[in-house]
Amino acid sequence: MSGGMSKIVKTISNISFPLVLIYGLYIIAHGHLTPGGGFQGGAVVASGCAMILVAYGSIWTMGKIKEKHLSILESLGAIAFIGLAFLGLIFGFVFFKNFLIGEGLIFDNPALGLSDIYTAGIIPLMNFAVGLKVIAGLFAIVLVMAYATTKKEAETK
Amino acid sequence: MIYNIPFIAVAALVLIGLYAVVFKRNLIKIVIGITLIESGVNLFLITLAYRQDSTAPIWHGITASSNNVPFMSLPVPHALTLTSIVIGVAVLALMLSLVIHIYRHYGTLNVNKLGGDEE
Amino acid sequence: MMSKRTIAGAIFFSIVAVFLVFSALMTHSFGNPDETEMDQYIIDNSQGEVGADNSVTGVVFDYRGFDTLGEATVLFTAVAGVILLFRRLKK
Amino acid sequence: MNIEQILDTLLRHSPALIVAIPLLGAFLTPLISKINDKVRNVFVILTILATNFFIFLLASDVFAGNIHTYVFGAKNLSIPVVRILFEVDGLSAFMAIIAGILSLAAVIYSWSFMKENTGLNKFYTLMLLMTAGMLGMMLTGDMFNFFVFLEITSIASCALIAFWTNKGKAVEAGFKYIAISAIGALFVLFAIALLYAQYDALNIAVLANNIQYTFLDKIALVILIAALAMKAGIVPMHMWLPDAYGRAPASVTLLLVGATQASLYGVFRVCFTLYGSQLNSTLRNISGTTITLNSLLGTIIVILAIVTILIGVMMALKQIDFKRMIAYAAVAEIGYMFLAVGAGLTTLGTAVSMNALKGGIFHIINDALDVGLLFLVAGAIYYATKQTSLNNMGGLARNMKYTTVFFLIGLLAVAGMPPMNGFASKILIYESVYQVNPVLSIVAILCSILLLAVFIKVFHSAFLGPEQPDLKDVKEVPKSMLIAMGLISCIIIFFGLFPELVVNNIVQPAANALASNTSYISQVMGVI
Amino acid sequence: MISLDTLLETFKTGSGLWNPLVWITGMAIAFLIAYILRGYGKKEYKEKTEQTKSFLSGNPEYEKEKMHIKGSNLYWGFMESLKWFYKIFNKMHTGNVTDYVLWFVIVMGILFLLVGVI
């Protein structure tokens, strides 16, 4: 696995990776309307990244992206998530308040004619934050474990 | 009574997992047992959510005011199952990485051949 | 010849098994739970209060949003733990 | 907006902020640590200090007698309770104080204790996450949320136990801990699902309001008590505890003590609050003597506690590894709390019960401080000599004067010698348990004497005696470790000198919260 | 904050006979008595005579490092007399995850029997 797999696998994964990516992003974006959400879509995208990892081998992938960048990305997603909760504390005076719904800020505002759009307030934003977090997190786990094991094999060889 | 077959399946899953943890000697099998227990608990939560001839709790294109509102299954257990699945993934990742380290140190996965806790 | 451990394990394991299966039989019959106050409230009001068509997402991110924060924290913890375990030991 | 209003606002939001601030700090730590290490350490310490400020702000108001509830995502709670509540009564605030003190000491201690190691960014992140998990377990009023925070605590502490991955035993201890805690947490979730299946509620107060003690409730009660007692290290489910405590870095062990007591808090919460409405219900009459639920549960807990004390002390007496010995002593100390609370449960509603509960709860904080101080001393000795086995030590008192003094303080406190806080709580336990059954009290006193013998052994073989040839160039440990140990020993001596003050102001509200759950329920359900 | 009479309260014996002043003064008196007795003994003590040398029943005296009793040698008699106890409990403590879980199952079964039947 250290050297990656055959050319067929690499080509197929190259072709199918964007589709997986788009499908996962679709699931994340429609989390409040259709089945799915940040975690599910993030898992889909992370599995796509894991496919690339399996096809090209962990050493090549580690050369492309380090796990510390992934952990930075993940903590950014987590900070965005908890930051939205703190914004609820600031705007809605309650921690985790869905401050875009029913507060007449932007949505649910008859004057703007946006009252009957089911935008779910901050839920899509939270979905994106969690999606970013799950993508980075799961891919970091898979990458680190795969890299550690392959490095061990390379040492024994 | 006979309708409780899913719950009996839940009990069976939990018990199989517990059996694997108690009576198996291989660390990987122990990990598999723990994940079996976890999937049993998740199955329990999901079966609690089901109501006879009910649809998924999604208001697609209808509102509470509109007529022919469908009979929906319970949404809370779905959310709990989602949470517990993600938690299970996290625990599994950590357990497997510890198993990798143990294999590096002791060169075996047999529980009896590990160091034990008595010096 | 079974060891003492196996015998004790079998006995107590079967006791636990009997009680768990009994509890499975004692649960409300599959498919029709009792009157559910909390879930019915969520089903009826999630669209209006949260604005999400998907009631499950409404529960996950609004009604029980703090659980979701904890869940995200669990994933964060696992990633930190795995990276910690596979770190380089030399400076 | 004057200071009064600001304090009032902070007080209203403090239950959420106590958990949210360490979480935010943990999420920010990977970014902060890009700057440099000193900034990161200062940031972590400041985060813990802010958390402690909110903890004491909240506790000072809760001990005045009013229960705080915080609804996440809504201005005021609605019936049915669909949102997650934080409900802080005397017991929760009491435990939160313990967690705050322990985490502060642990973070200060690890500044110089962990200096030589790599991967410190993740280390501090996990420390903060573990603190947040403990605090969430202690403050939450929602069963499933309790499970989530239980998992956060277990995962973070598992990764920290296996911190020294170049040692096989540390990794093995980490695997044992994660396996045990995963199984325990999964069974807790199973019990929560059983409760949800019947009452369609997850809030503790709502469940406690309409719990019926049906067959499924019996199953759930047993599973909850067994799983949480395993996490709390009750004999015979204690065996993961010496491994985990003995192999982890000392500052992590200090936090593990807090995590163990959070599980202990879970047991008490389940027995006294969740099933509190049914405690007086008669189960059956056997030849005239009526067996009520509280007597049954109390007897079970007392038997477990006596076995725990005996085996913990006896096993501690034969250990030669310093940290394992303290770990077994910690098992015995947990047995004392269980003994007192079980005795209080058997005789619920009497003056004896109130004294027993007070003794047990007072012993929780004393045990956390004493055992924590001893673990810090063990870590200091390891830092100075790189030895853990008592056979390789000797004459350390010559070079490590302050450490010796701190060890003496911890020794006297753990063994329950005056004028330390261990005596103040143990004599409460002895007195009240004696009125329940004299034999229990006698066994407890004898085991306390044996506990003294255990640490006399450590004191003799590690600190006294001639200077060993390979320990000639041992230095005193750095300042931050001394500061952490001094902080804890100051609290120990203060509690030992003014026990009545502590009992009346801090322990009494917690004991009242245990004794009756009506106020806990009525806070959510309105006046019943 | 802490007023004076509350501090004085703590010196009264509340629940539990607990008075730090009594204990501390008692210890001081004990130390005083010990010091006085030591003063008596000091008169018969002569420097640089046979008295000061330690006498190991005629054997030569070891050097200082060897005189230290190691941790595992302490309480030898106690361990020896309780060999049977420690034999059982060392067998119980197999550092083995599956055994730990087995103990959990055993306790859960016993509690099931106790709580479920009664």
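Counting heavy atoms of neighbouring residues, nucleotides and ligands inside a 6.0 Å radius, atom CG of A/L19 exceeds 12 of them. Atom CZ of A/F86 sits in a crowded spot, with more than 12 heavy atoms from other residues, nucleotides or ligands closer than 6.0 Å.
Remark: C/S55 pairs with B/W59, C/S46 by the side chain to side chain donor-acceptor pair (under 3.5 Å) rule, at least two apart or across chains. When the side chain to side chain donor-acceptor pair (under 3.5 Å) test is applied to A/N127, no partner is found at least two apart in sequence or on another chain. Among residues two or more places apart in sequence or in another chain, the side chain to side chain donor-acceptor pair (under 3.5 Å) test is passed with C/N54 by C/T57.
To the nearest 0.5 Å, the span separating CZ on C/F76 from CD1 on A/I79 amounts to 7.5 Å.
The contact list for residues 128-139 of chain A toward chain C, using heavy atoms and a distance under 4.5 Å, reads A/V130, A/K133, A/V134, A/G137, A/L138 by residue number.
For the pair A/F39 and C/E71, the minimum side-chain heavy-atom distance is below 4.5 Å.
Using a 4.5 Å cut-off between heavy atoms, A/T34 touches chain C through its backbone atoms (N, CA, C, O) alone. Neither the backbone nor the side chain of C/V56 comes within contact range of chain A; no heavy atom of the residue lies under 4.5 Å from a heavy atom of that chain.
The residue among C/V82, C/V60, C/L75 with the most heavy atom pairs within less than 4.5 Å of chain A is C/L75. Interface remark: of the candidates A/G77, A/G31, A/G37, A/G38, A/G31 forms the most heavy-atom pairs closer than 4.5 Å to chain C. Contact count versus chain C (heavy atoms, under 4.5 Å) is highest, among A/M126, A/E74, A/H30, A/M145, for A/E74.
Pairing each heavy atom of A/F96 with each of C/G65, the nearest pair is CZ-O, 3.2 Å. Contact detail for A/I123 and C/F61: the closest heavy-atom pair is CG1-CB, 3.9 Å.
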